[in-house]
Amino acid sequence: MQSTYKELEKKIRALEKEIASVKLQNLELNKKSLIHETIFSNLPLFIMIIDFQGNVEDMSALLLKSTGLNLEKENPIKGGELLKCIHHQDNPEGCGFGPHCKTCEIRRTIQNTINTGESHYKVEAELISFDRIIGKRILLLSTALLKQSDKKIVVLIEDITEQKKFETALTEQTDFLNALIETISNPIFYKNSDGRYTGCNKSFENFTGMKRSDIIGKTVYEIGPKKLAHKYHQKDQQLFENPGTQHYEWKIGTPGGKIRDVIFDKATLHDVNGNVTGLVGVISDITERKHAEDLIRKLSQMLMQAQERERQMISCELHDSIAQNLSTLKLYFARILVDQPSLAEKLREQRADISQLIDQIIMDVRNLAYDLRPPSLDHLGLVHALEVFCEEFAAKNKIDVNFHAVGIDGITISPEMEINLYRLVHEALSNVQKHASATRVVIKFVGAYPHIILRIEDNGKGFDLKDRERSMINEKRMGIWSMKERANLLQGRMDIHSQLNRGTKIVIKLLLKDKKKWMGKNRL
Ligand SMILES: Nc1ncnc2c1ncn2[C@@H]1O[C@H](COP(=O)(O)OP(=O)(O)O)[C@@H](O)[C@H]1O
Ligand SMILES: [Mg+2]
């Protein structure tokens, strides 16, 4: 009895153990099916489980949703039908047997897993689908045998059609850009934020005389002369410190040893977060343009000089010959018919009119001669001629003109420089009268070795120089332009400072280095 009881107890314990182990197994199973459930129902994945005949056993919720099929009702469904392959009914035997199936990468991959038991990871395959719009879809396929299960395999599908389209568009765009950059005749280069070249175009290779492969990865110190490299580096640093664009003129030595005038246009490159990742630069060779500009400048200066000589010649001719002759004519005319008391009243009146007209012509000719070459310049010297001119201008236009000359008296100023300075003041004052609506002008004419400075400042309405410069060319306004050219002609420069309602200040600075010309009070 005792033994039977003990045995029973033993059996109960064994049974309890067994029950506990089954419970544990169940728990394990529940856990696994929970994982399975999570993967199948909740994750955004296209997963199907198919048997060795290609029949779909199960599929993830997302795949089910996207196909709109009902597995229970429409069983068995073949993989091809599920994926909406346009060929799935090509053959009477159905999916997997048509001529197209022999070349189908999807079928080939699945079949290989069935045959060898090997898994595949992200095999790219094409599928012509009849889903909504017939179109080529690009799929990535991963396959594996389902463990502990009889002849079933799991297939994970990723549709990368859109991604591929995007990649193709991006490649096309990149190819287009590369072709464009290669075709452009301007040298173009890119650098990363460490200042290392990351790329360039053919034109940059030609410009530097170096191959792309010798440029990429190098800094400017490794490919250029040290002194120049340092300047390049500094400019790049400035751009990195103030991201955006950069534009400047530069002189560059070419491999052939020639110096070229160039313009650099650079811009910083950024990542998606806006961090600076590098820069791109375009070089424009403006040597020819500069030469043409220099030539135009020289020609226009020569023209101005010739014009000045011509004016002087005409002025002399008008004054010395024509005005003289007119005066003689007036004298002769006065004598005519003097001893004719019987002269008709009418004729007498006409004679007086003609005489008056001759007077007027003489006056006009003299004025013209004066305008062409102010004689005061020759007789009084520049400073006094300017004083006289300013006084006349002030009286005529009711504008207060304040003229000061300091340190000029002792300087030997060439006649060419004198007439040009005179004309500069003339044009500046004429602009004040025409455009400024000013009540006061201050002119300072200062000599301080080695500079001669002429400052003309009005209290008028001023103007926006940048804005006006653009329209000035179209309107063929040449006053300011010719003033600048005159200043250049005298080896100097002219700067205009003007602001709306704040008046205009013109500063002309000439360089006169010849010490022999600085005498008298300015003797060095
Ligand atoms: N002192 C000034 N005050 C205001 N505007 C001026 C002054 N000087 C020049 N300007 C402006 O600059 C323009 C160009 O001057 P300029 O080249 O001498 O041509 P123009 O006198 O024939 O108009 C003028 O049309 C005027 O708008
Ligand atoms: Mg003018």
Point to revise | Student check: side-chain heavy atoms of Leu127 and Cys85 closer than 4.5 Å | key: yes

Practice item. Output yes when Glu485 and Arg297 qualify as a salt bridge under the 4.0 Å nitrogen-oxygen rule, no when they do not. Key: yes

Check your understanding: In chain order, what residues pass the side-chain hydrogen bond (donor to acceptor under 3.5 Å, both in side chains) check against Lys444, with sequence neighbours excluded?
Key -> none

Point to revise | Test item: Glu308 side-chain N/O and Ile419 main-chain N/O as donor-acceptor pair under 3.5 Å | key: no

Point to revise | 4.5 Å side-chain heavy-atom contact, Leu490 and Asn488 | key: no

Check your understanding: Just checking, any donor-acceptor pair under 3.5 angstrom between side chains of Asn186 and Ser203?
Key -> no

Review point. Is any side-chain heavy atom of Leu326 less than 4.5 Å from a side-chain heavy atom of Leu329?
Key: yes

Check your understanding: Is Lys202 paired with Glu182 through a side-chain N to carboxylate O contact shorter than 4.0 Å?
Key -> no

Check your understanding: For Pro374, does its backbone N or O pair with a side-chain atom of Asp371 as donor and acceptor, under 3.5 Å?
Key -> no

Check your understanding: Okay, side chain of Thr174, backbone of Leu170: is any donor-acceptor separation there less than 3.5 Å?
Key -> yes

Check your understanding: Do the numbers put Lys235 on top of the ring of Phe264, so that NZ or CZ is under 6.0 Å from the six-membered ring centre and no more than 45° off the axis?
Key -> no

**Study point:** Cationic N near anionic O, under 4.0 Å, Glu427 to Arg477
**Key:** no

Exercise for review: Might you work through the side-chain contact (heavy atoms from CB on, under 4.5 Å) test for Ile480 and Met472, ending with a clear yes or no?
Suggested key: CA-CA 9 Å; Ile480 287 179; Met472 263 150 56; 4.1 Å; yes

Check your understanding: Is any side-chain heavy atom of Glu457 closer than 4.5 Å to a side-chain heavy atom of Thr504?
Key -> no

Point to revise | Glu222 side-chain N/O to Thr219 backbone N/O, donor-acceptor pair under 3.5 Å | key: yes

**Study point:** Carboxylate-amine/guanidinium contact Glu469 Lys466, below 4.0 Å
**Key:** no

Exercise for review: Inspect the contact between Asp261 and Arg289 and indicate whether a charged nitrogen and a carboxylate oxygen are less than 4.0 angstrom apart.
Suggested key: no

Review point. When you look at NE2 of His230, are more than 12 heavy atoms from neighbouring residues, nucleotides or ligands closer to it than 6.0 Å?
Key: no

Review point. How are the rings of Trp250 and Tyr248 set to each other: parallel, tilted or perpendicular (split at 30° and 60°)?
Key: perpendicular

Point to revise | Heavy-atom side-chain contact between Thr245 and Leu239 under 4.5 Å | key: no

Point to revise | For Phe166, all residues meeting ring pair (Phe, Tyr, Trp, His ring centres under 6.0 Å), sequence neighbours excluded | key: none

Please tabulate, for side-chain N and O atoms in residues 379-400, each donor-acceptor pair with protein atoms closer than 3.5 Å (sequence neighbours left out).
residue: His379; atom: ND1; partner: Pro375; partner atom: O; Å: 3.3
residue: Asn397; atom: ND2; partner: Phe393; partner atom: O; Å: 3.0
residue: Asp400; atom: OD2; partner: Arg440; partner atom: NH1; Å: 3.1

Point to revise | Straight-line distance of Phe240 CZ to Asp194 CG, nearest 0.5 Å | key: 8.5 Å

Point to revise | Inter-residue atom distance Gln356.CD - Ile354.CD1, 0.5 Å rounding | key: 11.5 Å

Point to revise | 4.5 Å side-chain heavy-atom contact, Phe189 and Leu279 | key: yes

Check your understanding: With no hydrogens and no angle check, is any side-chain donor or acceptor of Asn420 less than 3.5 Å from a backbone partner on Glu416?
Key -> yes

Review point. Do the side-chain N and O atoms of Asp495 and His497 include a donor-acceptor pair separated by under 3.5 angstrom?
Key: no

Check your understanding: For residues 313-333, which residue pairs qualify under side-chain hydrogen bond (donor to acceptor under 3.5 Å, both in side chains), counting only residues two or more places apart or in two chains?
Key -> Lys330-Asp359

Exercise for review: Inspect the contact between Lys122 and Glu158 and indicate whether a charged nitrogen and a carboxylate oxygen are less than 4.0 angstrom apart.
Suggested key: yes

Revision key, fill the gap. CD1 of Ile443 to CG of Leu424, rounded to nearest 0.5 Å, is 11.0 Å

Practice item. Indicate yes or no: at least one non-hydrogen side-chain atom of Asp364 is less than 4.5 angstrom from one of Leu368. Key: no

**Study point:** Closest non-hydrogen atom pair between Ala438 and Asn459, with its separation
**Key:** CB-OD1, 3.3 Å

Review point. Counting only heavy atoms not in Gln307, do more than 12 fall under 6.0 Å of its CD?
Key: yes

Check your understanding: Are Lys218 and Tyr197 in a cation-pi contact, defined as NZ or CZ under 6.0 Å from the six-membered ring centre and within 45° of the axis?
Key -> no

Point to revise | Under 3.5 Å donor-acceptor, Arg373 side chain and Glu310 backbone | key: no

Exercise for review: Find out whether Leu489 and Gln305 are in side-chain contact, i.e. whether some heavy atom of one side chain is under 4.5 Å from a heavy atom of the other.
Suggested key: yes

Check your understanding: When you check the gap from the basic side-chain N to the acidic O, do Arg260 and Glu288 get nearer than 4.0 Å?
Key -> yes

Exercise for review: For Asp458 and Val432, indicate whether the former's side chain and the latter's backbone hold a donor-acceptor pair under 3.5 Å.
Suggested key: no

Review point. Residues in ring pair (Phe, Tyr, Trp, His ring centres under 6.0 Å) with His233, at least two apart?
Key: Tyr221

Revision key, fill the gap. The salt bridge (charged side-chain N to carboxylate O under 4.0 Å, His left out) partners of Lys290 (sequence neighbours excluded) come to Glu249

Exercise for review: Starting at CG of Leu512, measure out to CD1 of Ile413 and round the result to the nearest 0.5 Å.
Suggested key: 7.5 Å

Review point. Does the distance from a Lys or Arg side-chain N to an Asp or Glu carboxylate O, for Glu475 and Arg468, drop under 4.0 Å?
Key: yes

**Study point:** Approximate separation, where rounding is to 0.5 Å, of Lys136 NZ and Ile86 CD1
**Key:** 13.5 Å

